[in-house]
Amino acid sequence: MIGSRRRGWLALVLALVATAALLPLPWLVVLEGQRPRLALPGPTGTTFVLRWTHSVEREDWEERFRIEPDGGLMLVATRFKTFGAGVPDQAGTETHLQNGWVVMSGIRRPVDPLHVQAAAAEHYRLRYRGWTLALTGPGTPPILTFTTRDAPLLTMLPALLRAVGRHWRTP
């Protein structure tokens, strides 16, 4: 009787794990070509920041994005240290100085999918929920595509593990 009960519980647990592994979930996916390079949980409202060193100004630049209810990506804010060529004097609904940064918020520009050529000299980083993930490396700069998709954990697991394996905490 006890063995039968344990087998029943084991079957239930395995069924729940299998269901969780196969049930489609929302993901923020970074593709390199057609292959998912990184995957992170991406339900509606999730925000992330791309940070890089501007190639001319040699100052860091950040853009904040949000995942919309339809799964699209929306640019919602940007911040940078100095104005330079190609930088608008105003974007969004508010522009102000904050701790040495020019901050432009209230931007609502759809960017789905978002394509980035992550050159090593520009030191691209992805900030997500307190993690920072390096996106650049030696060699030919990859063209990365940021998008969302609904997919089972089982299919996103390799890209999720790559993301977890390459993160570091921000101070």
Side-chain angles (χ1 to χ4, degrees), residues 23-99 101-137 140-153 155-160 162-164 166-167 170:
L23 184 69
L25 300 169
W27 297 95
L28 170 63
V29 182
V30 180
L31 301 168
E32 189 169 346
Q34 296 300 312
R35 182 181 74 88
R37 178 173 169 184
L38 303 171
L40 299 159
T44 296
T46 296
T47 61
F48 65 95
V49 172
L50 283 183
R51 185 174 185 154
W52 70 95
T53 303
H54 192 280
S55 61
V56 175
E57 300 294 325
R58 297 290 181 220
E59 295 279 357
D60 274 351
W61 187 291
E62 292 185 354
E63 291 183 328
R64 178 173 300 279
F65 300 88
R66 181 178 60 232
I67 298 175
E68 296 294 293
D70 66 356
L73 301 178
M74 181 78 66
L75 174 65
V76 295
T78 187
R79 72 182 200 147
F80 48 89
K81 294 284 189 166
T82 59
F83 282 97
V87 178
D89 63 350
Q90 192 172 37
T93 58
E94 184 180 343
T95 301
H96 63 276
L97 290 174
Q98 181 181 36
N99 299 326
W101 292 81
V102 177
V103 178
M104 295 179 175
S105 57
I107 302 170
R108 291 200 41 83
R109 184 174 355 137
V111 288
D112 188 34
L114 170 65
H115 301 286
V116 172
Q117 185 170 16
E122 293 163 352
H123 189 56
Y124 270 86
R125 286 96 68 205
L126 168 65
R127 287 192 7 231
Y128 171 90
R129 295 186 182 174
W131 290 6
T132 300
L133 294 94
L135 298 175
T136 57
T140 304
I143 295 178
L144 304 176
T145 301
F146 292 74
T147 190
T148 61
R149 72 171 52 153
D150 289 338
L153 171 62
T155 61
M156 291 289 108
L157 191 58
L160 176 63
R162 275 191 292 279
V164 170
R166 70 183 323 156
H167 88 277
T170 56

Next on the checklist: Run the side-chain contact (heavy atoms from CB on, under 4.5 Å) test on Val102 and Leu97 for me, step by step, so that the C-alpha distance in whole Å, both residues' side-chain angles and the decisive distance to 0.1 Å come before the verdict.
Outcome noted: CA-CA 5 Å; Val102 177; Leu97 290 174; 3.7 Å; yes
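- With contacts defined as side-chain heavy-atom distances shorter than 4.5 Å, the pair Trp27/Leu153 qualifies.
- Rounded to the nearest 0.5 Å, atoms OG1 (Thr145) and CG (Asp112) are 10.5 Å apart.
- Taking both residues in full, the closest heavy atoms of Pro69 and Thr44 are given as CA-OG1, 3.5 Å, listed atom of the first, atom of the second, then distance.
- With Asp60 as the partner, the side chain to side chain contact (heavy atoms under 4.5 Å, CB included) test is satisfied by one option alone out of Arg125, His123, Arg79: Arg125.
- Here the straight-line distance linking atom CZ of Phe65 with atom OG1 of Thr46 works out to 14.5 Å at 0.5 Å rounding.
- Under a 4.0 Å N-O distance rule, the pair Arg66/Glu68 qualifies as a salt bridge.
- No donor-acceptor pair closer than 3.5 Å links the side chain of Thr147 to the backbone N or O of Pro113.
- Considering CZ of Arg108 and CE of Met74, their distance stands at 4.0 Å, rounded to 0.5 Å.
- Inter-residue side-chain proximity for Gln117 and Tyr124 is flagged as unmet; no heavy-atom pair is nearer than 4.5 Å.
- Checked by atom type and distance alone, the side chain of Arg64 never pairs as donor or acceptor with a backbone atom of Val76 at under 3.5 Å.
- Atom-to-atom distance recorded for Met104:CE and Glu94:CD is 11.5 Å, nearest 0.5 angstrom.
- Of all heavy-atom pairs between Ala163 and Ala39, the closest is CB-O, 3.9 Å.
- With contacts defined as side-chain heavy-atom distances shorter than 4.5 Å, the pair Ile67/Leu28 qualifies.
- The residue from Leu38, Val29, Leu40, Leu25 that alone fulfils the side chain to side chain contact (heavy atoms under 4.5 Å, CB included) condition with Met156 is Val29.
- We find the CZ-CZ distance between Phe146 and Phe48 to be 6.0 Å, quoted to the nearest 0.5 Å.
- Between Arg149 and Pro36, the closest side-chain pair of non-hydrogen atoms falls below 4.5 Å.
- Taken to the nearest 0.5 Å, the CZ atom of Arg51 stands 8.5 Å off from the OG1 atom of Thr132.
- Across Ser105 and Ala77, no two heavy atoms sit closer than the pair CA-CB, 4.1 Å.
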Checklist entry - Do Thr78 and Ile107 pass the side-chain contact (heavy atoms from CB on, under 4.5 Å) test, and can you show the C-alpha distance, the side-chain angles, and the key distance before you say yes or no? => result CA-CA 8 Å; Thr78 187; Ile107 302 170; 4.0 Å; yes
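- The closest side-chain heavy-atom distance from Leu114 to Leu50 is below 4.5 Å.
- Across every non-hydrogen atom of Pro141 and Ala119, the tightest pair is CB-CA, 3.6 Å.
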